[in-house]
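Beneath this line is the structure, given in structure tokens, with notes to follow.
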Protein chains: 2
Amino acid sequence: MHKPTIQDVARLAGVGVGTVSRVLNNHAAVRDSTRQTVLSAIRDLEYVPNPHARRIAGGKSYTISILLPVITTEFYVRLLDGLESAFQEARYDVAIFPLLDRSRLERYLGSHTLAYQADGLVMATYNLTQMLSENRLRDQQPMVLVDAYADGVDCARMDNHLGGRMAGQFLAQQPGYSYAVWVETELDQIFTSRVFEERSAGFHAAMAEAGRTVSGEFISSFDAHAARTVAGQVLDAAQFPATIFASADLLAGALLDEAQVRGIAVGSDLKVLGFDDQPWAAARGLSTLHQPVEAMAYEAATLLLARLSGYRGPPRVRTFEPRLVLRSSTGDS
Amino acid sequence: MHKPTIQDVARLAGVGVGTVSRVLNNHAAVRDSTRQTVLSAIRDLEYVPNPHARRIAGGKSYTISILLPVITTEFYVRLLDGLESAFQEARYDVAIFPLLDRSRLERYLGSHTLAYQADGLVMATYNLTQMLSENRLRDQQPMVLVDAYADGVDCARMDNHLGGRMAGQFLAQQPGYSYAVWVETELDQIFTSRVFEERSAGFHAAMAEAGRTVSGEFISSFDAHAARTVAGQVLDAAQFPATIFASADLLAGALLDEAQVRGIAVGSDLKVLGFDDQPWAAARGLSTLHQPVEAMAYEAATLLLARLSGYRGPPRVRTFEPRLVLRSSTGDS
DNA sequence: TTGTACGCGTTATCAT
DNA sequence: ATGATAACGCGTACAA
């Protein structure tokens with residue numbers, strides 16, 4: 001009663017192993033009737049191909065390494081979902097490497113571990129421009145950046161500058177005072193993520209174009225406790241009517257909480273615009289900028305898979321745009 | 001110019017492939033002279049065994065899955081180091097699964113991915129008692145808990161109760177007022193980590209035994225910004241001379257910072273005791289509780305490897321004790 | 001102690 | 001379109 005193999009499937013379906021393999025990899029033309037027979041045999045036996053056997057027979061590892069920062073956010077959950085689903089379709093496995101510290105990056109990239117285990121590399125969020133220019137990355141390995149941008153590599157990125165600009169344009173239409181809350185970002189020459197910098201630049205550009213001034217800006221670190229504290233500071237300092245752009249839903253949520261405690265009506269005197277469209281945003285009526293994260297992740301995977309199947313063209317960059325979702329926190333709908 | 005295989009090594013060394021394999025797995029008795037020959041051939045060719053080939057030939061995956069919470073701490077960096085080094089010695093690969101959310105745990109445990117990819121499971125920090133009792137974990141898979149405890153499974157854990165107790169005993173010897181700062185922990189029936197609860201219980205027990213009272217307790221979330229804010233609150237509220245037990249070095253560091261800004265002399269009027277012994281603790285003279293993290297991780301790996309090689313005995317629990325390191329922040333040394 | 005040969009479960013290459 | 005069969009690189013009985 002061992003695990004069924006491709007042989008068992010072939011026997012049950014009354015075909016050769018080659019045919020089964022072809023069905024598995026949707027190769028060439030297989031007559032539709034036999035394909036169905038094979039498929040049902042697979043189902044009956046609950047057959048699951050042995051990945052190690054394919055790896056050795058195919059000469060590839062059928063594995064993609066994903067390197068990402070360790071941050072527990074909906075954003076990364078969705079990112080991983082998008083990546084995994086895309087790679088799964090192409091029958092690739094995924095190995096996740098959480099970048100807890102700098103030395104781990106070096107180790108992962110330098111060691112022979114990855115060399116064997118991955119046909120390609122996905123790097124999330126980090127801006128690797130410097131590393132690439134220093135040639136610290138072995139560019140013989142196909143790779144793609146997601147939620148980040150660098151020259152000379154395939155990238156799938158969010159247009160955070162545009163996101164900030166959209167927020168700025170929205171705020172510029174609102175009467176009263178404008179405020180913004182930003183996320184404090186670690187500074188590390190190599191690991192830097194410019195996400196919030198870009199949102200800020202876009203926001204200020206739009207406000208300036210509209211001839212509006214920002215009455216106050218605040219900075220919070222990315223955690224619930226700090227967000228709440230800063231929310232208090234913002235509401236203490238704000239003059240009303242006020243519209244606040246919170247550059248992450250986490251911060252916006254804290255503002256909603258704090259406003260409720262203080263009995264401030266959200267949607268009229270105080271308007272709040274977030275960024276992310278977290279799962280709870282709709283339920284709480286938070287207006288925010290929705291990011292097509294899964295789509296971006298899926299596209300990143302597609303770019304990489306293209307390289308893996310031989311595409312040799314110049315680096316391609318795919319840019320994704322956030323979408324303004326207006327709800328009750330800005331008095332809409 | 002392809003990757004050297006075991007055949008190439010055998011040829012160069014003038015032996016059979018069997019012998020090379022035996023050397024690789026330090027099997028049986030191989031004459032020492034031939035072993036050296038083989039070894040040098042391996043070095044010359046820079047031969048690295050193809051893991052997929054072993055997996056399919058050996059019928060095992062030679063892979064261990066490590067499931068851990070996504071928290072960027074020195075603690076987890078060291079934990080991974082300890083685990084990886086131990087498994088590497090035994091020629092096992094490691095697959096890391098960051099538990100970004102609940103659904104990911106379920107997916108990892110339920111899916112067939114892991115089934116193929118791992119011979120064993122390491123689960124870090126999370127308290128899985130409930131999951132185990134509900135039989136949601138397929139216990140056919142050998143597993144070990146590290147930095148956590150549950151009935152019926154091998155565990156390598158830190159004695160956090162003792163750690164808290166040691167802190168309490170130390171504070172009880174100090175003149176003046178005693179304060180404590182705790183880390184806010186998420187509440188989730190399944191994911192709960194009881195680390196800080198235990199430290200708190202031990203601390204209070206020791207203080208009570210010594211007939212001392214705690215003049216104030218504070219809670220901070222686990223991030224630099226919040227820690228700094230809370231540090232300010234603590235120093236605002238404290239009466240001096242004061243000794244503060246910060247249940248994590250991160251919090252202790254913030255207290256040191258805040259004290260410096262306020263010109264409070266640390267080591268006399270204000271004493272601070274941390275927990276963790278982060279890399280910077282020595283340089284900043286922070287007294288703290290050092291945890292033998294690598295040793296714990298190594299032991300966890302050893303317990304699991306024992307299961308993998310057939311050990312069938314009852315669950316074993318290994319407990320590790322923190323060590324009080326006194327430096328200038330408590331006026332010592 | 002050591003070499004040979006077979007088997008692991010796939011994919012790929014041939015014929016057919 | 002499909003079936004046989006040769007790789008793929010290694011572990012391991014078995015024979016020597």
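Hydrogens, waters and symmetry mates play no part in the numbers below; they use all other heavy atoms, side chains included. Protein chains get the first letters and strands the later ones, always in sequence-line order, with residue 1 at the start of each. For clarity, every value in this text was computed on a predicted model and none was experimentally measured.
Across all strands, B/R11 comes closer than 4.0 Å to no nucleic acid atom at all (heavy-atom distances). Base contact: B/G18 has a heavy atom under 4.0 Å from a base atom. Nucleic acid contact for A/V15: sugar-phosphate only, since backbone atoms but no base atoms lie under 4.0 Å from a heavy atom of the residue.
Put simply, the side chain of B/R55 and the base of C/dG9 share no donor and acceptor less than 3.5 Å apart.
In this structure, A/Y298 OH and A/E89 CD are separated by 3.5 Å, a value rounded to the nearest 0.5 Å.
Residue B/L24 contributes atom CG, which lies 11 Å from atom P of D/dT12 at whole-angstrom precision. The CG-P distance, from B/N25 to D/dC10, rounds to 11 Å in whole Å.
The cationic group of B/R91 does not satisfy the cation-pi geometry with B/Y62, failing either the under 6.0 Å distance to the six-membered ring centre or the 45° limit from the ring axis.
Within the 4.0 Å cut-off from OP1 or OP2 of D/dG11, at least one side-chain nitrogen or oxygen of B/R91 is found. A close approach under 4.0 Å does occur between a side-chain nitrogen or oxygen of A/S21 and OP1 or OP2 of C/dT11. Listed pair B/T19 / C/dG3 meets the phosphate criterion, a side-chain N or O lying under 4.0 Å from OP1 or OP2. Between A/R31 and D/dT2 there is a side-chain polar atom (N or O) within less than 4.0 angstrom of OP1 or OP2.
Of the charged side-chain nitrogens involved, none lies within less than 4.0 Å of a carboxylate oxygen, so that B/D159 and B/R318 do not count as a salt-bridged pair.
Between the side chain of B/S21 and the backbone N or O of B/V17 there is no donor-acceptor pair closer than 3.5 Å. Proximity of a side-chain donor or acceptor of A/R307 to a complementary backbone N or O of A/G313 within less than 3.5 Å is detected.
Of all non-hydrogen atoms in B/L68 and B/A124, the two that sit nearest each other are CB-CB, 3.9 Å.
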Look for any protein N or O under 3.5 Å of an N or O in nucleotides 7-9 of chain D and output each such pair with its distance, or none.
residue : atom : partner : partner atom : Å
D/dC8   : O2   : A/A57   : N            : 3.3

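A residue-by-residue look at A/G14 and B/V17 shows that A/G14 has its nearest nucleotide of DNA chain D further toward the 5' end.
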